[in-house]
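The structure appears right after this line, and notes come after that.
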There are 2 protein chains.
Amino acid sequence: MPRPGPRLRLVDVAERAGVSLATASRALAGREGVSEEVADRVRQVSRELGYVANPYARTLAGGASSTVGLIVHQIDDPYFSEIASGVLELAAEEGLLVQIAHSGRDPDHELRQLRHLIAQRVGIILIAGSGYDDQRMETEARTELAEFQRAGGRVAVVGRHSLGVDAVLPDNEAGGRAIGAHLLELGHRRIAVAAGIPGLTTVADRLTGVAAALAEHGLTLDELPVVHSDFTRDGGRIAAEQILREHPESTAIIALNDAMAIGVLSALRAHRVPVPERMSVAGFDDVSVAADLAPSLTTVRLPMTQMGRMALGLALKPRTTRPRRRSTGQTLVVRDSTGPAPQN
Amino acid sequence: MPRPGPRLRLVDVAERAGVSLATASRALAGREGVSEEVADRVRQVSRELGYVANPYARTLAGGASSTVGLIVHQIDDPYFSEIASGVLELAAEEGLLVQIAHSGRDPDHELRQLRHLIAQRVGIILIAGSGYDDQRMETEARTELAEFQRAGGRVAVVGRHSLGVDAVLPDNEAGGRAIGAHLLELGHRRIAVAAGIPGLTTVADRLTGVAAALAEHGLTLDELPVVHSDFTRDGGRIAAEQILREHPESTAIIALNDAMAIGVLSALRAHRVPVPERMSVAGFDDVSVAADLAPSLTTVRLPMTQMGRMALGLALKPRTTRPRRRSTGQTLVVRDSTGPAPQN
DNA sequence: CTGAAAGCGCTAACAG
DNA sequence: CTGTTAGCGCTTTCAG
């Protein structure tokens, strides 16, 4: 197996192949202007020697950086770690490196991370996670990204952002509609929603979907308790406590992501509220543990790993004049946490 | 807020501060040989302009690379995503970038990733996850890393590896002993173990701990069923199926990590085996969902996020002649999945 | 189609 | 203490 010597340079490869530095560079980059024969020989030698280009030199000289910057809200949230996993998979196949940065669900911090990645001259920037209803931030980010793209950088996002870039769009609205319809069909009318912090487009879109389902049954969201708190397990717990306290007549809780649903289940267990006999619970995302909770969680499945691949895939293609959009699809997964509305 | 212009170079800062390029470089790097007064002025100007050094140029010129390469088995495994989260935290505080790569629990692939990171000239390499009982692989990796360190690179690992580098050592043996003792105290004697694939040092160490606890009660591991399968949820499910089939008299199952424990619980639920009344189940790691399973999982808590920080912390300190070792400590967390052994 | 030479932006000797 | 200068390894004109 070729051992990449620590100080093997392109000149060495060139010399050994009996060509000039420039030719070797062209051959390895697959650029034209080299005869097939020579190009083959160079590639052959390069492989034999186990040559790996120095990315610092390459980038400095003007070649595009082959590293991908990925911004996630929080890497230890399963939603994001599954997306990251998809990105890492495809990146490995393409020989790209992935730098990961946290945004912590803070628009300002996200902007700072974004600038940092740009300053670091990554070639591709991927932003996973919800957009924000924060005009100022989105505008600044948009400007920053436009400049980055003008300099040849590629950008893609997962989720609805108004950044004018390629996007992978989870079917949040359709999912919300599906989960709402499911509960309504089971006879639930007093439905409470444990929603993430307002200002996240993901929260808004999922709510819109739920509202649409309600509308078909002559209900509106305004009549129902919608409790906003952190888009995390703890947020779910807190929301559930509040719902039990202020709206004890509820027969179902829709959590707008699985992390919150887990918190909701935990709070209900603490209060000895039987699920689903007394209260149905539904989540969103279908993170991998959703099936292993007890009761197992009814939720909307989003193909997270696939979404990570799709985002990088978009960024890898040449830029088009109009930003592309790819929908992910969604599937309602009915498990044991939802059941018929109690009669009383 | 200073907008880092895309083409702001160190010369620009130097000019503006009225000093030479070299002085500006020294001032910003905090190297000595510059009067406090001048250094302050340079830093001031740099901040005003929003200057960010080009890492490619810096690294190429011989400065240490400020990027960290992190190798994990699988980023969407909570154990690793929590470690990664700790690394990202500290890295952000230190202004470092983190590149993450998957090893997929395959020694050869891990070696390949390692070489890739070295070829990419990262400054620090962190390997999280178990070492392997694979002499050849460890030897090759050791050689590779020795050369990397000779060239100024820093390395730290999480877990027991025979790589001769700084290490953060989870208290696997003590944890194994604690969980074993816990079950024995509850009266269990027919204990089965759902172990990860052999060849992982983590599996070996946790087993050793369990064996030590058994020894105090005059038992040995040889008398008990130890089923090896993947160190994942599916592996746990498969192991539990086999235990139920071949050793139905068992009253407790120790899974050597929480992922497997989740699989075990899932299999038991499918077979309608009540936990803990008929079968106790214990895990290892205390990933964040462990508390939210039903029944909530008795497990050994390891401070994963902290471990990530510790590993990077070690790598950030200058290298010592003898590799350092830091133990993590562990805590037995007793929840609802374990109970007294059934009498019959 | 191929080679020579000029940088990319920075750090690190080497002078003063 | 400060400035000058030579590269780091690669890509990219510009000649041939």
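Quick note on labels: first sequence line is chain A, next is B, and so on, each numbered from 1.
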Quick one: list whatever passes ring pair (Phe, Tyr, Trp, His ring centres under 6.0 Å) with B:Y56, sequence neighbours left out.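 If we apply the ring pair (Phe, Tyr, Trp, His ring centres under 6.0 Å) test to B:Y56, skipping adjacent residues, the hits are A:Y56.
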
Only counting residues at least two apart or in another chain, list the ones meeting ring pair (Phe, Tyr, Trp, His ring centres under 6.0 Å) with B:F80.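 If we apply the ring pair (Phe, Tyr, Trp, His ring centres under 6.0 Å) test to B:F80, skipping adjacent residues, the hits are B:H73.
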
Does the side chain of A:R326 reach to within under 4.5 Å of the side chain of A:M307, using non-hydrogen atoms? no

Under 4.0 angstrom between [X] side-chain N/O and [N] OP1 or OP2:
{"X": "B:S20", "N": "D:dG3", "answer": "yes"}
{"X": "A:S35", "N": "C:dT2", "answer": "yes"}
{"X": "B:Y51", "N": "C:dG9", "answer": "no"}

Closest of D:dT11, C:dC10, C:dA4 to the A:A22 side chain is C:dA4

Distance check needed: [N] [atom2] versus [X] [atom1], whole Å only.
{"X": "B:E15", "N": "C:dG9", "atom1": "CD", "atom2": "C1'", "answer": "14 Å"}
{"X": "B:D12", "N": "C:dG9", "atom1": "CG", "atom2": "P", "answer": "9 Å"}
{"X": "A:R58", "N": "C:dC10", "atom1": "CZ", "atom2": "P", "answer": "21 Å"}
{"X": "B:L28", "N": "C:dG9", "atom1": "CG", "atom2": "C1'", "answer": "13 Å"}
{"X": "B:Q120", "N": "D:dC8", "atom1": "CD", "atom2": "P", "answer": "20 Å"}
{"X": "A:L8", "N": "D:dC8", "atom1": "CG", "atom2": "C1'", "answer": "15 Å"}

Using five pairs at each end of the helix from C:dC1-D:dG16 to C:dG16-D:dC1 to define an axis, what is the angle between those two axes, to 10°?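 Computed angle between terminal axes is 40°.
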
Test side-chain hydrogen bond (donor to acceptor under 3.5 Å, both in side chains) applied to [X] - qualifying residues, sequence neighbours left out:
{"X": "A:R41", "value": "none"}
{"X": "B:R26", "value": "none"}
{"X": "A:D77", "value": "none"}

Reckon A:S25 touches a base, only the sugar-phosphate, or nothing at all at heavy-atom distances under 4.0 Å? base

Examine distances only and state if a side-chain atom of A:R142 and a backbone atom of A:S162 form a donor-acceptor pair shorter than 3.5 Å. yes

N/O-N/O pairs, protein side and nucleotides 14-16 of chain C side, under 3.5 Å:
none

B:Y79 and B:Q74: CA distance, side-chain angles, deciding distance, side chain to side chain donor-acceptor pair (under 3.5 Å) verdict: CA-CA 9 Å; B:Y79 177 78; B:Q74 188 70 33; over 6 Å; no

Mind checking side-chain contact (heavy atoms from CB on, under 4.5 Å) for [X] and listing every partner two or more places apart, or none if nothing turns up?
{"X": "A:R150", "result": "A:A146, A:E147"}
{"X": "A:A27", "result": "A:A39, A:V42"}
{"X": "B:S327", "result": "B:D171"}

Under the salt bridge (charged side-chain N to carboxylate O under 4.0 Å, His left out) definition, can you give me all pairs with a residue in residues 92-103 of chain B, not counting sequence neighbours? B:E93-B:R309

In terms of the nearest nucleotide of DNA chain D, which residue is placed more toward the 5' end: A:L10 or B:A39?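 With A:L10 and B:A39 compared, the 5'-side residue is B:A39.
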
Polar pairs (N or O, both sides) under 3.5 Å between protein and nucleotides 6-8 of chain C?
| unit_1 | atom_1 | unit_2 | atom_2 | d |
| --- | --- | --- | --- | --- |
| C:dC8 | O2 | A:L60 | O | 3.2 |
| C:dC8 | O2 | A:A61 | N | 3.2 |

